[in-house]
Amino acid sequence: MYAMDPTSHLRLSLGFVATVMNMLFGTDKGRKNLLSPGAIEILYTSYFSPVCMGDIAGMLGVTPSSATDLVNYLEREGFVRRVQDPDNRRVIRVVPAEKGELWLLETEEKIYGFLESRLSRLPLQERYQFASLCSRFTGVEDEMSFITEICAFKKDRESVKIPLVTYEDGKLLRLEEVVDRRYEADPFPYSLKEIPVMFETRVPETVEGIQDEISVVAYNIMQRGLRDAGHLPVDDLIKETKPKDNGLEIGPGPGYYGLEWVKKTDGTTLTGLEISPAMIRLATENAISYNLKDRVRYQEGNALMMPFEDNLFSLAFSNGSLHEWENARVVFSEIYRVLQPGGRVMVTDLKCDLSPEIFSFMQGSCSSEEIKKGFETSVRAAYRKEELEEILSTIPFTSSDVITHPYGLVIIARK
């Protein structure tokens with residue numbers, strides 16, 4: 001038995017995992033299997049985010065008729081159902097039926113059981129280390145980055161290969177011969193690959209918010225779509241929340257983020273500071289539709305000079321507006337001033353150093369060319385982790401942290 005090179009070792013390990021996954025999904029049973037890989041992908045995608053019929057063909061890389069056949073089969077077998085989009089009755093979405101949800105949960109029981117049984121072989125510290133290395137290896141940290149990496153790989157799968165087809169004296173060499181030769185002298189015959197980013201430095205965008213009615217309507221549609229898909233970080237904000245918090249939202253736009261927070265928390269109140277009168281009118285209408293008008297108010301004003309007294313709020317937050325702040329250092333100073341002692345801050349936004357894959361995926365999810373262009377200027381105007389750490393170091397918070405993830409960053413601070 002000889003020492004196997006690391007790449008072959010990894011290939012066998014991942015091959016084992018892939019084989020086990022096929023067995024757990026039942027796709028190793030040939031025609032006896034009830035669901036094909038394509039049907040499973042539709043079921044999982046629709047479970048985590050309702051998918052439009054028109055998007056399924058592109059998602060799977062098949063013809064529209066083949067995609068329709070798969071959905072018809074899943075619907076006929078009771079795994080999914082078609083529903084009209086509540087905001088556009090011409091759009092048909094695919095959502096899982098109870099049978100589909102049950103199948104998915106029962107399958108995940110087996111998958112999580114397999115993973116737990118294998119992780120139990122490792123000491124506690126190595127479990128965390130292994131999970132972290134797997135995340136860095138794949139580029140996957142959560143559901144969105146999983147979808148992004150899958151989409152990116154589907155486009156480039158044919159280009160991701162090394163030359164292993166080798167003839168010698170007219171004979172096609174076996175795999176193990178070629179691999180042994182490739183890694184015999186150097187187990188890592190490739191240089192360290194830098195992860196590319198879209199934009200190295202930020203280019204400031206608007207400091208006036210979104211003012212015109214047409215852009216307001218388009219932005220409202222986009223934000224409502226993010227809400228409906230569960231992509232607003234409301235649950236993360238709730239973790240920073242205490243009952244009856246008096247919250248300040250900087251740059252609420254149409255208000256969905258803060259309204260979802262108020263709806264899901266106990267006795268909280270919210271003040272939204274917004275520079276755009278058009279957005280305030282829309283956010284007020286949305287608050288009425290949420291039946292939260294008595295707990296929410298919107299105040300026109302500039303975050304550079306907040307129209308609030310000192311030590312007023314117990315929680316301050318913002319989602320997606322940091323890159324539009326004219327002077328982030330001044331705004332964070334104002335946040336510090338209006339926070340009560342012990343008050344908490346949570347600011348989430350894009351980052352300018354997105355990977356090309358994440359950028360393309362997120363931009364492709366935009367509903368119109370206008371929104372796509374706006375998304376690009378927003379990314380260009382966003383910050384890097386190091387820039388924000390330097391800014392926060394000048395504000396006397398008792399603690400502050402800038403956390404990055406594949407498609408943005410999170411600032412957590414406390415007064």
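Please read these numbers as outputs of a predicted model, since none were measured by experiment.
Contacts of Q223 classified as side-chain hydrogen bond (donor to acceptor under 3.5 Å, both in side chains), with partners at least two apart in sequence or in another chain: Y219.
In this structure, K385 pairs ionically with E389, as a charged nitrogen and a carboxylate oxygen lie closer than 4.0 Å. Salt-bridge formation is detected for the pair R82/E75: a Lys NZ or Arg NE/NH1/NH2 atom is positioned less than 4.0 Å from an Asp or Glu carboxylate oxygen. R344 and D245 are joined by a salt bridge, as a carboxylate oxygen and a charged side-chain nitrogen come within less than 4.0 angstrom of each other. Ion pairing between a basic and an acidic side chain is recognised when a charged N comes within 4.0 Å of a carboxylate O; E376 and K373 show no such pairing. A salt bridge does not link E249 with R297: none of the charged nitrogens is closer than 4.0 Å to a carboxylate oxygen. A salt bridge is absent between R281 and E285: the closest approach of a Lys/Arg side-chain nitrogen to an acidic carboxylate oxygen does not fall below 4.0 angstrom.
Heavy-atom contacts from other residues, nucleotides or ligands closer than 6.0 Å to CZ of F146 number 12 or fewer. Heavy-atom contacts from other residues, nucleotides or ligands closer than 6.0 Å to OH of Y112 number 12 or fewer. Residue R136 places its CZ atom among 12 or fewer non-hydrogen atoms of other residues, nucleotides or ligands, all under 6.0 Å distant.
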- prompt: Does the pair K264 and E260 meet the rule for a salt bridge (Lys or Arg N to Asp or Glu O under 4.0 Å), with working shown?
  reply: CA-CA 6 Å; K264 296 178 179 180; E260 288 290 312; 3.7 Å; yes
- request: In sequence, state the C-alpha distance, the side-chain angles, and the governing distance for F359 and Y407, and then conclude on ring-ring contact (aromatic ring centres under 6.0 Å, His included).
  value: CA-CA 8 Å; F359 178 85; Y407 39 88; over 10 Å; no
field: Verdict with reasoning, S318 to S321, per side chain to side chain donor-acceptor pair (under 3.5 Å)
entry: CA-CA 7 Å; S318 176; S321 75; 2.6 Å; yes
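Side chains of N291 and K263: a donor-acceptor N/O pair is absent below 3.5 angstrom, by distance only. Counting only N and O atoms by type, the side chains of N22 and T19 include no donor and acceptor under 3.5 Å apart. With no hydrogens or angles considered, no side-chain donor-acceptor pair links Q125 and R127 at under 3.5 Å.
Side-chain atoms of L164 and I162, non-hydrogen and from C-beta on, do get closer than 4.5 Å to each other. Put simply, the side chain of I335 reaches to within 4.5 Å of the side chain of F332, judged on heavy atoms.
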